[in-house]
Protein chains: 2
Amino acid sequence: MRTGTPKERNYRQYCGLAAGLDVIGERWTLLIVRELLLGPRRYNELLADLPGMGTNLLADRLKKLRELGVVEREEAGHGYRLGPLGEGLRESVLALSKWGVGLLGEPQADMVTRPHWGLLAVQAMADASRLPELVETYEFQVDDETFHLTVDRGTVSTARGPAADPAMSVRTDATTFVRIGAGVLGPFEALATGKLTFTGDQEAVLRCSTVLGLAERPGPRPAA
Amino acid sequence: MRTGTPKERNYRQYCGLAAGLDVIGERWTLLIVRELLLGPRRYNELLADLPGMGTNLLADRLKKLRELGVVEREEAGHGYRLGPLGEGLRESVLALSKWGVGLLGEPQADMVTRPHWGLLAVQAMADASRLPELVETYEFQVDDETFHLTVDRGTVSTARGPAADPAMSVRTDATTFVRIGAGVLGPFEALATGKLTFTGDQEAVLRCSTVLGLAERPGPRPAA
DNA sequence: CAGTATCCTTCCAGATACTG
DNA sequence: CAGTATCTGGAAGGATACTG
């Protein structure tokens, strides 16, 4: 005989952080938000990019997030997308990504990578104030996905798809892309070993590295 | 018969966010970080400000965080404090606080509040670029704790303890303080009802509200 | 494709007892 | 005070089978 409420597990603290964690602190939730921050997704697409997550869990999470207004259904079709509340999580997710990327070493054998996670990394790393006057666009072809970064006098924006007139375009695989972001591989070392190729202006590659904060880093093997 | 590894629950994704969540994504962990972001704490102090958390869980979390370098022991005494890695979480924690504070309605009867959580809220809300030329200090006396906010030409800093020469000093209780931060109570409404008192320059109260983003907000009860 | 339903394991809350 | 160790019920998570 079951009486009353199922007793939600809340912190019951009158504090912003605790209230936020009550909503997005459960396992998988912020990863769902990550996926949707990069554009609308359907149920099975989410499942495919969140390996290890059970189908029931995903359904549960989506239902809760929808009730809270973090996630919305698309009008047409079966897609999910972020509501305004969910969009407000971008700053938090990017901050955590930036922090967590420093903990990534070399990829383990059983680790999964997705090209669009690189787009998230680019958003987290890009800081146009490093070259305040710059106006140009860079294209990234990572495995079978293409996206681009536009820098415009101190502001940056990213989008999926090819760029109209990129100053340069790099091509690489998802793992190499994240390794560069994690600092375990230098961009120029990746170029030298052929793991990454580019077309366009070589100087633009350097400027792009600067905007992403990759240029001033010490190499992975400083002289001992 | 227990064989092999206890099988850590990791996402196994080569992605910064996932790697970050593998470290601080478990229940309670980010709340421990919140406490330590406001200064070193001892075991029983942490326990007291994290009601509902079991003593074994706190020990577990602290051990893991220590192994990873997020948390360190103090040289003298029994305190815990953040290591450089943990300090790097400040931005993420403030971003999440800022997001979560919007979800806080009025406090429920069984909710706990602590004065120093207000200091976190102040850090999250303060944006000195709202008054770029301003240079002054405000003091907050919340229940039995005192802290202050210093604004200096576009930058802000906070610290525990009383201020040397504050432009104004407010006194209130922790719940009222967080209610104001959550936007369910306007600062001037709090003044009017006596839930909050101040000494010092009345204009400074207004400037402080502006820096904290409280001034331009719509009142809690707009004309219907 | 988009989910429910089920079963089993792991984690967590709370209590308490014990050690240095 | 500062923890570690143990136990227990219940909730959350994981894998998979199943349905519209």
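Only a predicted model underlies this, so the values are computations on that prediction, with no experimental measurement involved. The figures that follow rest on heavy atoms only: side chains count, while hydrogens, waters and symmetry mates do not. To find a chain, count down the sequence lines: A is the first, B the second, and so on, and within it residues start at 1.
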Rounded to the nearest angstrom, tell me the gap between atom [atom1] in [X] and atom [atom2] in [N].
X: B:Met53; N: D:dG3; atom1: CE; atom2: P; value: 13 Å
X: B:Leu58; N: D:dA5; atom1: CG; atom2: C1'; value: 15 Å
X: B:Leu57; N: C:dC11; atom1: CG; atom2: P; value: 11 Å
X: A:Ile32; N: D:dG13; atom1: CD1; atom2: P; value: 11 Å
X: B:Leu62; N: D:dG3; atom1: CG; atom2: P; value: 8 Å
X: B:Trp28; N: C:dA13; atom1: CH2; atom2: P; value: 6 Å
X: B:Arg41; N: D:dC1; atom1: CZ; atom2: C1'; value: 16 Å

- Task: Any chance you could measure A:Lys98, atom NZ, to A:Leu120, atom CG, to the nearest 0.5 Å?
- Result: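 Rounded to the nearest 0.5 Å, the NZ-CG separation comes out at 12.0 Å.
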
- Measuring from A:Leu96:CG to B:Leu17:CG, what's the distance to the nearest 0.5 Å? 6.0 Å

Would you tabulate the nitrogen or oxygen pairs shorter than 3.5 Å linking the protein to nucleotides 4-6 of chain C?
| unit_1 | atom_1 | unit_2 | atom_2 | d |
| --- | --- | --- | --- | --- |
| C:dT4 | O4 | A:Thr55 | OG1 | 2.4 |
| C:dT6 | O4 | A:Asn56 | ND2 | 3.1 |

- Determine the contact category for A:Arg73: base if any of its heavy atoms lies under 4.0 Å from a base atom, sugar-phosphate if only primed atoms, P, OP1 or OP2 are that close, otherwise nothing.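 Sugar-phosphate contact only.
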
- Task: Using only heavy-atom distances, determine whether the side chains of B:Gln13 and A:Thr113 contain a donor-acceptor pair under 3.5 Å.
- Result: no

- Query: Do B:Asp173 and B:Thr176 have side-chain atoms, one donor and one acceptor, less than 3.5 Å apart?
  - Reply: yes

- So, A:Arg81 and A:Glu72, do they make that salt bridge, N to O below 4.0 Å?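 Between A:Glu72 and A:Arg81 there is a salt bridge, with a charged N closer than 4.0 Å to a carboxylate O.
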
- Query: Salt bridge between B:Lys195 and B:Glu189, side-chain N to carboxylate O under 4.0 Å?
  - Reply: no

- Which pairs, with at least one residue in residues 157-172 of chain A and sequence neighbours excluded, count as a salt bridge (Lys or Arg N to Asp or Glu O under 4.0 Å)?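 Residue pairs with at least one partner in residues 157-172 of chain A: A:Glu145-A:Arg160.
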
- For the pair B:Thr137 (side chain) and B:Ala163 (backbone), establish whether a donor and an acceptor sit closer than 3.5 Å, ignoring hydrogens and angles. no

- So which one's nearest nucleotide on DNA chain C is more toward 5', B:Arg61 or A:Asn44?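 Nearest nucleotide further toward 5': that of A:Asn44.
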
- Given side chains that start at C-beta, do those of B:Arg9 and A:Arg27 come closer than 4.5 Å, heavy atoms only?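 Side chain of B:Arg9 against side chain of A:Arg27, heavy atoms only: contact under 4.5 Å found.
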
- Does any pair with a residue in residues 42-56 of chain A pass side chain to side chain donor-acceptor pair (under 3.5 Å), and if so which ones, sequence neighbours excluded?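 Only A:Asp49-A:Arg114 qualify under side chain to side chain donor-acceptor pair (under 3.5 Å).
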
Enumerate the protein-to-nucleotides 18-20 of chain C contacts in which both atoms are nitrogen or oxygen and the separation is below 3.5 Å.
none

- Results of ring-ring contact (aromatic ring centres under 6.0 Å, His included) for B:Tyr11 - residues two or more places apart only: A:Trp28

- Query: Where are the stems of DNA chain C, defined as at least 3 consecutive Watson-Crick or wobble G-U pairs with both distances under 3.5 Å?
  - Reply: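 Stems for DNA chain C, defined as runs of 3 or more consecutive pairs: C:1-20 with D:1-20.
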
